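Reading through the structure tokens given below for one structure.
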Amino acid sequence: MVRRESRRFRILRLEVDVSFPFPTIIGIFAAFIMIASYSLLGMPDIGLQFALPIGSIDPSSVGDLAAAIRIMMTHSIVVSTLNLFYVILLLVPLLMAFNFALGFSNGQIRMLVSYPIGRKRIIITKWGLIFILSSASVTLGALFGLAFFFPFTMDIAILGQLFIPLWINILLVTTSCLLMAVLFRSAPLTAVGGISLWLGTFVLFTMQSSSSFLLNVLFPFLSAINYLNPDFISPISFLGATSLSDVLLGCGAAFLLSVLLLCFSVFAFRRLEV
Amino acid sequence: MRLGHLWKSLFVLGITVIVISFIPSSIFQATDDLSSDYYRGHLIQCPEDPFLVVTETDGKSIALYVLTIVESARLMNGTPIEDVSTVFSLVNVSEWSGIAHLGAPGLYVVFVTAVNQSETSYCSIYVFRSVPQFRVLIAGMAFLVLAFAGYLFKSPRIPRLVMRHREGMMERKETGCETTAPS
């Protein structure tokens, strides 16, 4: 049993050793921790100030304070993760280009398919590792930054509401870049195509004055931020109101779209002449 | 992950965290017009004891109190400032700078008021993080100590040739084909 399991994970270990030699993964983690910490420390204060008449009861001030505390907690988590999300939009197409698409031109894919390993297993291992690496980097980077600088702002409910859409969003970005890599079979095309597609749609949607269904599907993370409404100046703060059902619908649709794209990528890769 | 990689990873993390602890930044800054009729309150988040600079523009006396959230709520519910436990306070000062010892990281409210009645004061407050941030620095040092300890006390490396010989012996035992050297 143990032997069979070790065989199952042998390809994963091989992929880690070949595509991500030792300092790569810890280097990426360290970079994400630095970015999250810089974001948190450079975060402007939310500017809550109030005048409290001396010796009088002011229940509105208590309400304001409670609201400001919640805003501050949300703000800390949003600022750290949002800046890492920009990095992810650049990093995932590059990782997919240089760890998968480049394999078509340098013979790595040809060598892998010549071994008795299924093509489905090869593509899913490569895609899965990139997805796990990027989502784990964002999560660990943000959690490290928050734990070091604002341990009191780590609200599990807010973390869950932001991290789950974030992981689904990374899943969608990774899968779309995988499909590009399979179709183009070229590292520069995958890198340029993936970066311009995701950054382009990001800029396009954040220039809109209202929230749309397509925005919720392509960027469920942004709609989750919009739903939490941290009330701070950012490119997405002026979007229209987003309800919880919009976020859930967007997450579900993005997940389904990712699964569809993955199935299509596997289908295309199995019929590919390498 | 190989054990040698774990120590090196801890070393990289330690260096990262130590670099982070030296990032300077300001927490909060504001200029208020004050009166003795009310408190001006500001919500701030402090990871550690901050460096505080308070200046009254015309040299008039002001009072500054730093309160926890719970005590701030008590103050807002009408409890006089004398009955509220303050974390840090400055009374009758016109200019002050130094480290405010808050004790623990958290969310705090800074309340400022003028001391003399019928006089309006203008006060500037700057709150900076003290660098290096000792909690973060200690965490980084702990990572480095672990990394060095692991590196120093790791098991002695078996020479590669011996490893190869052992692997060859194991393989021959598994396959059952003992080869004999030609005589």
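Computation of the quantities below employed the complete heavy-atom set of this structure, encompassing side-chain atoms and omitting hydrogens, waters and symmetry-equivalent molecules. Naming: A, B, ... by sequence-line order, numbering from 1 per chain. The model shown is predicted, which means the values in this text are computed figures rather than measured ones.
Your options are B/Ile15, B/Ile23, B/Val17, B/Ile69, and the one with the most heavy-atom pairs under 4.5 Å with chain A is B/Ile23. Contact count against chain A (heavy-atom pairs under 4.5 Å) is highest for B/Leu107 among B/Val110, B/Ile81, B/Leu107.
Contact of B/Val19 with chain A is made through the side chain alone, with heavy-atom distances under 4.5 Å. Only the backbone of A/Ala147 comes within less than 4.5 Å of a heavy atom in chain B; its side chain stays farther off.
For the atom pair CD1 (A/Ile26) and CG (B/Leu10), the distance works out to 7.5 Å, reported to the nearest 0.5 Å.
Using a 4.5 Å cut-off on side-chain heavy atoms (C-beta onward), A/Phe29 and B/Ser9 make no contact.
Other residues, nucleotides and ligands contribute over 12 non-hydrogen atoms within 6.0 Å of the CE atom of A/Met34. Crowding of B/Phe11 atom CZ: a count of heavy atoms from other residues, nucleotides or ligands under 6.0 Å not exceeding 12.
The side-chain hydrogen bond (donor to acceptor under 3.5 Å, both in side chains) contacts involving residues 98-109 of chain B comprise B/Asp49-B/His101, where partners must be two or more places apart or lie in separate chains.
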